[in-house]
2 protein chains.
Amino acid sequence: MNAAPILEPMVRKLELWGPLEEEDRAALLALPYTLREIPQQGYIVRDGDRPTHSCALLRGYAFRQKIVADGERQILAVQIPGDLVDLQNSLLPKADHSVQALTRVEVAYIPREPIVALAFERPAIGKLLWFDTLVDGSIAREWITNIGRRDAYTRIAHLLCEFALRLEKAGIGERDRYELPMTQEQIADATGLTAVHVNRTLRTMDESGFLTRDKRSVVIHDWARLAQAGDFSSGYLHFD
Amino acid sequence: MNAAPILEPMVRKLELWGPLEEEDRAALLALPYTLREIPQQGYIVRDGDRPTHSCALLRGYAFRQKIVADGERQILAVQIPGDLVDLQNSLLPKADHSVQALTRVEVAYIPREPIVALAFERPAIGKLLWFDTLVDGSIAREWITNIGRRDAYTRIAHLLCEFALRLEKAGIGERDRYELPMTQEQIADATGLTAVHVNRTLRTMDESGFLTRDKRSVVIHDWARLAQAGDFSSGYLHFD
DNA sequence: CGTAAAATTGACTGACTTCAAATTCGGTGG
DNA sequence: CCACCGAATTTGAAGTCAGTCAATTTTACG
């Protein structure tokens, strides 16, 4: 292995959930993979695919999405570097949603068998992978709640809080200043709103003074108040 | 083992995801557990708990829920007999939502350690447990989509389709005739609507003629049309 | 500099909510 | 078997948050 192993971001993400022995870390880094670069808007996985690989996001942002009957899109999650964007495809035979590049991304496709084998040969690894899956589920449940029972303002504030903490924890960006390369239309698709209404709501948030959105960078002036406005408590992310 | 092992429903559910050797099945059935009966509306797990046990639902229905700042409730999932209602608590230290009994239920509390140990001693079991977790995640994503991007009528139709297939697959009820012990208020909390609007929407569905709801029993007269109206396709359940 | 995508704004609409009251249902005790 | 009571359902009227449509401005970028 050289100084900066390619799969390092993935290992770092997994180690958020618990410590790894040096041997386990080495085993993860030694997983076979195919590196690929995918342009903005390109597909990483397509709904209905029968993937032969799982996929780790090494650089850039991606999002999961589904399309409903009338053509509208729902964004299900936003993935940041280090995320295993579709660990589910290591076991589930058929992709139940698409994963698309939000920016230009670099991904490592890892064949299913070695990753599953490793999970069971080395329980420490297996537990972290499983844990990661469970946290994904927890975030999904929080999104259900966010979309189902909060108003537009609260929803967007909540989303911005989530990104702040996840990016901070991943060592990208700070809690109160980070880059979020999403258009207002994408924020709308993530929150179950329309782009027009997101625009108006963001304006109101600007005016309330505890947040600034300039181009793609978010600056949070008063974290506590934003968190309160967004009905945000970080437990569901299962940090610490 | 006697004729009808207590944990049988759980094993049966897991076997939906793949076959088990007789030895593996026996190992699952031999897991230690504490049986408990919980009255309607009683809590199985409380948001914020640090549970020491996972929990299998043996009889009756339950639902997962979160409460938002203004006191409103969002139902995140409905669990049917056989479901591992909080496998996540075998690894996650803190419950991120509550699980409550929809009817009177009988549950088996299984200590965390043996279930995790079994998962790694017997990869066949581990894979099924992990698979189960992944399907849970898939269902959560479909719920995000349902609530975020479908109108009231479609949302409710979709929910009814999901229950139909899950209950059929679990061997409880039929695809076009089953018992659903949810009040309209609970349906509202599951779909991000209000009880009043659910009432009106159900009326419209009745009038359209391909569905009847009498007390707690649902009779679907035209499955194909209901599925179409509900923008329902079963892939996300990962049956077959 | 030119072009397309993204953001912004205004006027209008509507799906769903809110509030409140009436009716029906389901279970319990007499 | 009936009377009763709280919960659940149903209905009506009015309100609103967010959507729709369409035009304009700004931004990104080759």
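Lettering follows sequence order; numbering is per chain, from 1. When reading the values below, keep in mind they use all heavy atoms of this one structure, side chains included, and skip hydrogens, waters and symmetry mates.
- Atom CZ of A:R150 and atom P of D:dC17 are 18 Å apart (whole Å).
- No more than 12 heavy atoms of other residues, nucleotides or ligands sit less than 6.0 Å from atom CG of B:D240.
- Spacing between atom CG of A:D189 and atom P of D:dG19 amounts to 11 Å, rounded to whole angstrom units.
- In this structure, the CG atom of B:D214 is 13 Å from the C1' atom of D:dT9, given to the nearest Å.
- Using a 4.0 Å cut-off on heavy atoms, the residues of residues 192-206 of chain A that approach DNA chain D are A:G192, A:L193, A:T194, A:V196, A:H197, A:R200, listed by number.
- A heavy-atom distance below 4.5 Å is not found between the side chains of B:Y43 and B:V45.
- Between the C1' atom of D:dT9 and the CZ atom of B:R213 lies a distance of 10 Å, rounded to the nearest Å.
- The backbone N or O of B:R150 sits nowhere less than 3.5 Å from a side-chain atom of B:T154 that would complete a donor-acceptor pair.
- For B:Q79, the side-chain hydrogen bond (donor to acceptor under 3.5 Å, both in side chains) test picks out B:R64, B:D83, with sequence neighbours left out.
- With respect to the salt-bridge test (charged N to carboxylate O, under 4.0 angstrom), the residues B:E37 and B:R104 qualify.
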For nucleotides 24-29 of chain C, give me every protein contact, N/O to N/O, under 3.5 Å, one pair per line with atom names.
from, atom 1, to, atom 2, distance (Å)
C:dG26, OP2, B:K215, NZ, 3.1

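- At whole-Å resolution of the value, CD1 in A:I187 and C1' in C:dA7 are 12 Å apart.
- At whole-Å resolution of the value, CD1 in B:I156 and C1' in C:dA15 are 13 Å apart.
- Between the side chains of B:D96 and A:S138, at least one donor N or O lies within less than 3.5 Å of an accepting N or O.
- If you measure from atom CD of A:Q184 to atom C1' of D:dG19, you get 16 Å, rounded to the nearest angstrom.
- Between B:F239 and B:W17, the ring-plane angle classifies as parallel under the 30° and 60° cut-offs.
- Relative ring orientation between A:H158 and A:Y236 is described as parallel, the plane-to-plane angle staying below 30° on a 0-90° scale split at 30° and 60°.
- In this structure, A:E185 and A:R149 both approach DNA chain C, and ranking their closest nucleotides by distance from the 5' end singles out A:E185.
- At whole-Å resolution of the value, CD in A:Q41 and P in C:dA5 are 11 Å apart.
- With 3.5 Å as the limit, one finds no donor-acceptor pair spanning the side chains of A:T133 and A:D136.
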